[in-house]
Amino acid sequence: MSGNPHRLSADWTGRLVDRSRKISFTFDDKRFTAHPGDTLASALLANGVRLVGRSFKYHRPRGLVGIGSDEPNALVTIGVGDKLEPNLRATQVEVYDGLVASSQNRWPSLETDVGAMNSALSRFFPAGFYYKTFMWPQAFWKHVYEPVIRKAAGLGPATTQADPDRYEHAHIHCDVLVVGGGVAGLAAAKAASETGARVILAEETHRLGGSCDIGGGKIVDDAPLEWARSVADDLLASDRVTVMPRTTVISHFDHNYVLMAERVADHNPGLIAAGHPRQRLWKVRANEIIVAAGALERPLTFSDNDRPGIMLASAARGYAKRFGVSPGERVAVFTNNDDAYRTAIQLFEAGVNVPRIVDTRPGPDSSLIDQAKAVGLRMSFGSGIVGVKTVEGGKHIDGIKVAPVRTSGRLGEPEFIPCDAVAMSGGYNPAVHLFCHVGGELVFDDALQSFRPGSTTERLRVVGAANGIFNVQSILEDGFQGGEHAARASLKKRPAKAKLKAPKATQSTEGPLEPIWFVPALGAKNEGNKHFLDFQNDVTAADVELAAREGYRSVEHVKRYTTLGMATDQGKTSNINALGILSDVLDTPIPNVGTTRFRPPYTPTTLGALVGPIRGKLFQPVRRTPIQAWHEVNHAHFEPVGQWRRPYCYLRDGETIKDAVSREVLAVRNSVGLLDASTLGKIEVSGPDAAKFLDRMYTNMMSTLKPGRCRYGLMCSDQGFLMDDGVVVRLSEDRFLCHTTSGNADHIASVFEFWHQTEWPNWKVIITPVTEQWAQIAVAGPNARELLQSLDSDLDLTSDAFRFMDFKSGTLAGMPVRIFRISFSGELSYEIAVPAGYGMGLWDALLTAGERHGVDTYGTEALHVLRAEKGFIMIGDETDGTVTPLDLGLSWAVSKKKADFVGKRALELPEFHRPDRRHFVGLSTHDGNTVLPDGAQAIQINAERTSSPPLGYVSSTYFSPTLNRSIALGMISGGRDRLGQTVHFQAGERMIAAEIVDPVFYDKDGEKQNV
Amino acid sequence: MSDASNTFAVWRSGAALDAMQMQEGLSVRVEDRGDIGMLDLRLKSKSDIDAASKALGFDLPTKARTSAGTKGIACLWFSVDQWIVVLPRHQLPSVLEKLSPSLADTFSSIVDVSDMRSVLRVSGSGAQSVLMKSTSVDVFDGAFAPGHVRRVSFGEIAAAVHVIDETSFDLYVFRSYVEYALDWISEAAAAEATLQPFSAQGPVAV
Amino acid sequence: MQVAQGLASVCTEVFLKRFTSTFPHRKSMKRYSVVQLVKNAASRHKNWDRAWRAAEPKDEYDVVIVGAGGHGLATAYYLAKEHKLTNIAVVEKGWLGGGNTGRNTTIIRSNYLQPESIALYELARSLYEGLSQELNFNIMFSPRGLLNLCLTEHELRVFRRITAANAAEGLDTRFLSPEQVKEIVPIINDSPDARYPLLGALYQPRGGTARHDAVAWGYARAADALGVDVIQNCAVTGIDVKRGKVTGLQTAKGPIKAKKIAVVAAGHTSVVMDMAGVRMPLESVALQALVSEPVKPMIDVVVMAGAVHGYISQSDKGELVIGGGADAANNYSQRGSWPALEHTLTALVELFPPISRLRMLRQWGGIVDMSADRSPIIGETDVKGLYVNCGWGTGGFKAIPGSGFIFADSIANDRPHPIAEPFGIGRFAAGRMIDESTAAAVAH
Amino acid sequence: MLLITCPVCGIEGDEADFHAGGQAHVLRPQSKDPSNVSETELSEYLYVRDNPKGLHRELWHCGRGCNKWFNAERDTVTMEFKGFYKIGEKPPSEKNAKKKGGTA
Ligand SMILES: Cc1cc2nc3c(=O)[nH]c(=O)nc-3n(C[C@H](O)[C@H](O)[C@H](O)COP(=O)(O)OP(=O)(O)OC[C@H]3O[C@@H](n4cnc5c(N)ncnc54)[C@H](O)[C@@H]3O)c2cc1C
Ligand SMILES: NC(=O)c1ccc[n+]([C@@H]2O[C@H](COP(=O)([O-])OP(=O)(O)OC[C@H]3O[C@@H](n4cnc5c(N)ncnc54)[C@H](O)[C@@H]3O)[C@@H](O)[C@H]2O)c1
Ligand SMILES: Cc1cc2nc3c(=O)[nH]c(=O)nc-3n(C[C@H](O)[C@H](O)[C@H](O)COP(=O)(O)O)c2cc1C
Ligand SMILES: [Zn+2]
């Protein structure tokens, strides 16, 4: 046979493919031809490729089972290099010219797979076998067993390159979201929009109509597809409706928040080149949701039911009708229900040989069966497939053995029926997944032998086959009613009697199905270990039985012990069959056995789409100060601080980071330096009760602060731990400006609001965060005053007029400024705030004016060194959420006069006054050239190294360029009482001795900052 | 204004924005509204609201998420006790001169926050689409009409949206985030990917 | 529609009849071994013992443990094994191991900061090393190494402090350079232009993972073999207290008398303790997680990135196992939710760009019990005979063997085990918090 | 993603636009009488929480709206909000209980 051996004759062109055009694709490096409209599955089938993959555990050869997103077997890898994408279902991949596909989970090739040995050894790998072995010797798990298992597991390969494609997020709201574009969904969308609602109709595939093209029957007087077409046209033309094809509703979350994944360009890479994203994640908030997701057909559980060529009956006729492809030349049908007769009839009409319909029911009777009889199809009732004959190591089937199954459970005489494919049907399961994501309760439907939706607290209803209704007339009515009711509920219209009428439909009536969870097989095959339930994960009936027998009796235990339903299809087709078996094993009805939990997403969803645009430069914003551009041009080496990126230091030619930091420190100590302090948090607190309020917020007394003065303040949590520090400025009688650390700016503002609104709501306080209004520049160093004095100003900067801790506002270099004479470096220092728009101007002006002093700019690391030399604490270094102001020797800043402040009561706990608490101290290494490592642990003098907790640790450590020796700060148990003692620190192999000293290393009397 | 206003201008229309305006293939145009002044107004009583309205010459919007204004001065509702007055920067002193005395000795607050935020005017056929990709608001809600003000999460940042007309809105972002906002918009405004839900659509296979 | 009553049940019976020895009541547990496996293969797996009995409650026990999660089962096991108590029950409202133990991302490490934590978690980690052999159940402890990525200067200092604190306790944790990190995880984004350039990592070579379900099952099976009754589908609905002392409990399967009661109910601890009138410093909230589809090996170690809130490892089956943050508000819903996961995924795709083209397979939540200082609470309460072990929050899987060991010791000996002592519930009133959240205090 | 309505400004939005503040109506004993707070009272206030499985009264902050804190009643199992109310107001369930009592 040449070309496409399984394409049907010209009358059956396949309604979705364009046979007049050809495109080509490769599968495992072999080139094939397809037609536009083909899926990879239909194209492979058309080309006679039956073997498309290997199973997870036993590497059994596998072919197509389904036709949609429930496909368990046909997983392929699409693309190469940075576009490589594993584990796609061939049934969903739309073929485009040049598509590159490969099979997975095989080595060296799909045809000859070494892993297939596992299949021969499958008896040694029952459910849970790995829990029982691989334990000896102890070290072997990590070094021998696990690496082998890991390599063997894992389906397809992942790319190692970054994803070149773009993804989007979009938000949308609607009155009614309809999930699924089958007859039920179309009816619901039509009714909802005609009732006046804004409607979204999302459909997973690229087309509307769902399975109505293979469901038979008539709507009004036409094929259901014609009705679907006309409704679709109306919906598409309406400006109240948005129809989204190739869009899977993946997740339903609380309060009708829904995620939908739209595959925008997967079917046509040209769209990406044209500027479209590859996929788009829709975030929907729907007032009402209608799930019309249809039903999923389940396989029958017979021995060797996983062989290539054995597929679901609805899929078999779907391939014929939609793609003009036959699953085989001789296709037997195996069923426990009437729907599969449609497959037999339609295949027969398409010219395919249907040698037998094997029906487990002893004497079924319905019009469909009559139709089948009428066209001359042969049936075996009360029979099952009791054996499958394969060739080429199980890659193709050659025929089936069919035998009557007697009421005793015994088999009658088997008959061999040659065939190369089997279409099987075990009935349908309503697609209840989305209904269950937010706690929807299921009920068991005896007629369907499946679960269907019960009650939910969400505004969500289920219609059509998803609701367990399979007859077209009833589906239409269910859809219309659901749509109208949902629309009325959303629009808050009165739930009057439904006005809209569903059109009349007819469909052959079906007889009842027979629940059959295990089809006996010939001889030894009855062990159940070839009766596959979960195809992808190779879980068999025997595994389920074994699990239950070993005590894993909860359905959730069975799932986890056997891995049933845990594969990429999440057991869409197989779970109910397993429940049936479990129910029999435990002798408990299925509803009591229950089902495992349904979880989002409905189908696996690309992480790229979930992340959307939030990557690369859009991943977590970088905040920029008004002076940021200057830092960038001037070789700042940055460090992330909160969302800011602050200069750590500025690198000059040939300098190391260390050099640069020391240069910057010395510039401040010897002349003058500039720091961009714009990131500091700034909060204005005003109102008649502002002072009273800040007395509560800070441990210090703020109400005694005079207007025009600054005070260093501490803030604790009510647990007593130090949370933040900063300078508070009293701008005027009833207006304060609170500075916070950069990383805490937003947090402290909201903490203020929280206390104000929830604890003291009647106090007259107004809190205005103004961080971004101001650029702030620290001018620090002995020449700071001179530098400022060289600029035009209306302010008297002389030391008597502008004292340490004074605040003044005025103009400087023609700019409106607020100047705070505060110091975090211990030098003469001013912090100058200007409206942010002037930030760069002021920076420039200061740089220019400072030229004659050799002004330098300094970054956060120099800032750290400078403050450490002065023994100032740094929030986050000296604090870690367990440290109190008392520990830090800051009790002078903890008011004893105030009756209450946040943290006061807790600070009175005896625990915080224990003499062995860790105190903030200086650490002076005996050898001044040795810098203590960050975080080094202090060990008791003379003591043997024991496991007893260390005395404390190094919290900050630097080489001080000013003092030309190392300095360190640390938290040492009872430290303040140990001044002068020596402690030791482990640094790698070395022990470093250091003396416990006062934390202030430089200018102990504070003369420098007071000049 | 002082000589430094130049510097101000230089920074405001930073390089990022120039690049943005030049970028081809976007469904929107983005302009920095430039030299505008902003006042953060906190009023706690009806009488103060009336006094402020009188001083400004129009009624402050008291309905949530609306705006009001006259002759270049707009007032955006931000909270039950907070408004942002937006005006040309050069008018700021004169407006303050009127406003401040009218609220003297009341429990209220006026803070000049002119430099705190950047205001971007986003306009063009893709404006609505940009909002859909950037915020969780219902842009098809009838309330989301010209004059509407809404604080939002815009991409990964906090912002406020002031709807100007069907195809444009002003975006208020803290100034440290403006580059991020521009980068975000240029990603969201890819012209080919403009979203137009709830309008007549092309064919979909059946 | 009526159901055709045909061959259904008969057919399965045929299948079931093949297995002659259904549900044997076992006297002594058969050890799992390769030999057993081969033997059983020969007999078509008809003779495997039950892993545990389907126990029903007796009238009275010396100790009743509430909650058959890892911690509860381990406690029972060590009570039986180390303290020779045999009249013990573990009562479980659902199926054993169905709580957080059965839904966690399985990270095991002991590189904590505070010495009290290090002692506890390292005891647990070291017990994990030999646990498969101890329990005769392969719990697949995989000390594949664990990286805490360092992405900010602040973290750099904190991690150095942890390295030193760990060294002081004799733990092997190291600080790695970005180059060393890249070598261990080649797909990591080490671009200097990254939003958070990689500064290195804290590395614990013997940190890793274990199979979550197997830990619960292994302890259950071993405890059962020592005579412990593991009673499933038996929710506790009341705790009887007389004169300040426990006397028994009310359950879905009737009243049970008990000399001591140990509540190990994770997210439900507040609810159960409330039955005895004890109020807890706990909040329950769903912690989110997800797995990707399985792929061939791409990440060989466990990676955590606190600064951007993401952590990831790859299971032996091939899924990427990804932990997200917790929901914003208290709940008992176990539902999957979105905001926390989106946040985590953006971080992980930024750190490991190639995972962008993989797909999320499933997401879920587990109700974790967050204590006020985020450290566990272990010990007796003000009600005599009422013990509690909870507050493990987002990180108690790694502690199971250690926690069970010291908790059993504390219960059996009526005094806190030295490692448990600092974790007593009294620490809150006293202000003696054990706080590991230094990284939360980022500031300048 | 919970859907929340702020009782202060009336905005309805995603949970992500709000900030959860934990249990509402927790009494801070210091605010009443700072000089007389026992260690037990202190730790009850600071650490102990109702943490109910069922109806929970909790604080939320309208972060992308009016910047005000407010209260809500929510079922922690089904996640349904039963009502939103301003700081200082009575929980709706209490009000309803009263109403019922009154009419009976
Ligand atoms: C998503 C997620 C990821 C995590 N990741 C990690 C990780 O990587 N590393 C780590 O170390 N930890 C992790 N943890 C935390 C860890 O899972 C838990 O701390 C640990 O499993 C707690 O064990 P447990 O035995 O205390 O609780 P559980 O395993 O939850 O067991 C408690 C049991 O009590 C039962 N119970 C409750 N109420 C009653 C009642 N009234 N009557 C009877 N029984 C009752 C429950 O049904 C449950 O089975 C994670 C948790 C989650 C949810
Ligand atoms: N036993 C039977 O006779 C039987 C059984 C099942 C179905 N049917 C036939 O099936 C049809 C049922 O109509 P229906 O409309 O209820 O179902 P349908 O199967 O026709 O349509 C469901 C649609 O929902 C889509 N869908 C499913 N999950 C989705 C998701 N998460 N997101 C987006 N889209 C999703 C599917 O792609 C499909 O197009 C009828 O034509 C009926 O005749 C018959
Ligand atoms: C480490 C780990 C790996 C998992 N791997 C899978 C998997 O491969 N397939 C799957 O369907 N679920 C997997 N899950 C998720 C479980 O199916 C389940 O969702 C989770 O344990 C929570 O239980 P629940 O969903 O029944 O509430 C995994 C869970 C964990 C903790
Ligand atoms: Zn509000």
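Per chain, numbering begins at 1; letters A, B, ... match sequence-line order.
The pair B:Asp115-B:Arg89 meets the salt-bridge criterion, with a side-chain N (NZ, NE, NH1 or NH2) lying under 4.0 Å from an Asp/Glu carboxylate O. The existence of a salt bridge linking B:Lys46 and B:Asp50 is confirmed by a sub-4.0 Å separation between a basic side-chain nitrogen and an acidic carboxylate oxygen. Comment: A:Arg623 engages A:Glu772 in a salt bridge, judged by a side-chain N to carboxylate O separation of less than 4.0 angstrom. Salt bridge B:Asp81/B:Lys44: present, at least one basic N to carboxylate O contact under 4.0 Å. Between A:Arg198 and B:Asp138 there is a salt bridge, since a side-chain N of the basic residue sits under 4.0 Å from a carboxylate O of the acidic one. Taking the charged nitrogens against the carboxylate oxygens, A:Lys682 and A:Glu684 have no contact shorter than 4.0 Å, which rules out a salt bridge. At a threshold of 4.0 Å, the pair B:Asp170-B:Arg33 counts as salt-bridged, since one of the basic side-chain nitrogens sits closer than that to a carboxylate oxygen. Between A:Arg246 and A:Glu262, no side-chain nitrogen of the basic residue sits less than 4.0 Å from a carboxylate oxygen of the acidic one, so the salt-bridge criterion is not met. Salt bridge annotation for B:Lys133-A:Glu168: present, with a cationic side-chain nitrogen under 4.0 angstrom from a carboxylate oxygen.
Across A:Lys617, A:Arg735, A:Lys764, the residue that shares the most heavy-atom pairs under 4.5 angstrom with chain B is A:Lys764. Annotation: maximal heavy-atom pairing with chain B below 4.5 Å, among A:Ala845, A:Ala274, A:Ser686, occurs at A:Ala274. Ranking A:Leu208, A:Leu618, A:Thr768 against chain B, the residue ahead of the rest is A:Leu618, based on heavy-atom pairs under 4.5 Å. Between chain A and the options B:Val206, B:Ile157, B:Val204, B:Asp141, heavy-atom pairs under 4.5 Å are most frequent for B:Val206. For chain B, the option among A:Gln620, A:Arg285, A:His206 with the highest count of heavy-atom pairs below 4.5 Å is A:His206. Listed options A:Asp239, A:Ile172, A:Val264 were ranked by heavy-atom pairs under 4.5 angstrom with chain B; first place goes to A:Asp239. For the options A:Arg229, A:His173, A:Arg207, A:His169, heavy-atom pairs under 4.5 Å to chain B are most numerous at A:His173.
Using modelled atom types, no side-chain atom of A:Glu226 and backbone atom of A:Ala223 make a donor-acceptor pair closer than 3.5 Å. Although no hydrogens or angles enter the test, the distance criterion places no donor-acceptor pair under 3.5 Å between the side chain of B:Ser134 and the main chain of B:Leu131.
Heavy atoms of A:Lys283 lying under 4.5 Å from chain B are absent altogether. If you measure heavy-atom distances from B:Asp40 to chain A, the contacts under 4.5 Å come from the side chain alone. For A:Val243, the parts sitting under 4.5 Å from any heavy atom of chain B are the backbone and the side chain alike. Contact of A:Trp774 with chain B is not made at all, since no heavy-atom distance falls under 4.5 Å. At a 4.5 Å heavy-atom cutoff, the contact between A:Val241 and chain B is made by backbone atoms alone. When heavy atoms are compared at a cutoff of 4.5 Å, B:Val137 approaches chain A solely by way of its backbone atoms N, CA, C and O. Contact of A:Leu16 with chain B is made through the side chain alone, with heavy-atom distances under 4.5 Å. Proximity to chain B involves both the backbone and the side chain of A:Pro621, based on heavy atoms less than 4.5 angstrom apart. The part of A:Arg240 that comes within reach of chain B is its backbone (N, CA, C, O), which places non-hydrogen atoms under 4.5 angstrom from that chain. Only the backbone of A:Ser238 comes within less than 4.5 Å of a heavy atom of chain B; no side-chain atom from C-beta onward does. For A:Ala232, the part lying under 4.5 angstrom from a heavy atom of chain B is the side chain only. With a 4.5 Å cut-off on non-hydrogen atoms, A:Arg15 touches chain B through its side chain but not through its backbone. Contacts of B:Ser129 with chain A are absent, with no heavy-atom separation under 4.5 Å from either backbone or side chain. Residue contact with chain A, scored on non-hydrogen atoms closer than 4.5 Å, is absent for B:Thr194. Contact annotation for A:Val834: neither backbone nor side-chain heavy atoms come within less than 4.5 Å of a heavy atom of chain B. Neither the backbone nor the side chain of A:Leu281 comes within contact range of chain B; no heavy atom of the residue lies under 4.5 Å from a heavy atom of that chain.
Using a 3.5 Å distance cut-off with no hydrogens or angles, the side chains of A:Thr205 and A:Glu203 do pair a donor with an acceptor. B:Ser123 and B:Ser168 form no side-chain donor-acceptor contact under 3.5 Å, judged by distance and modelled atom types alone. Using modelled atom types, one finds a donor on one side chain and an acceptor on the other under 3.5 Å when comparing B:Tyr177 with A:Gln643.
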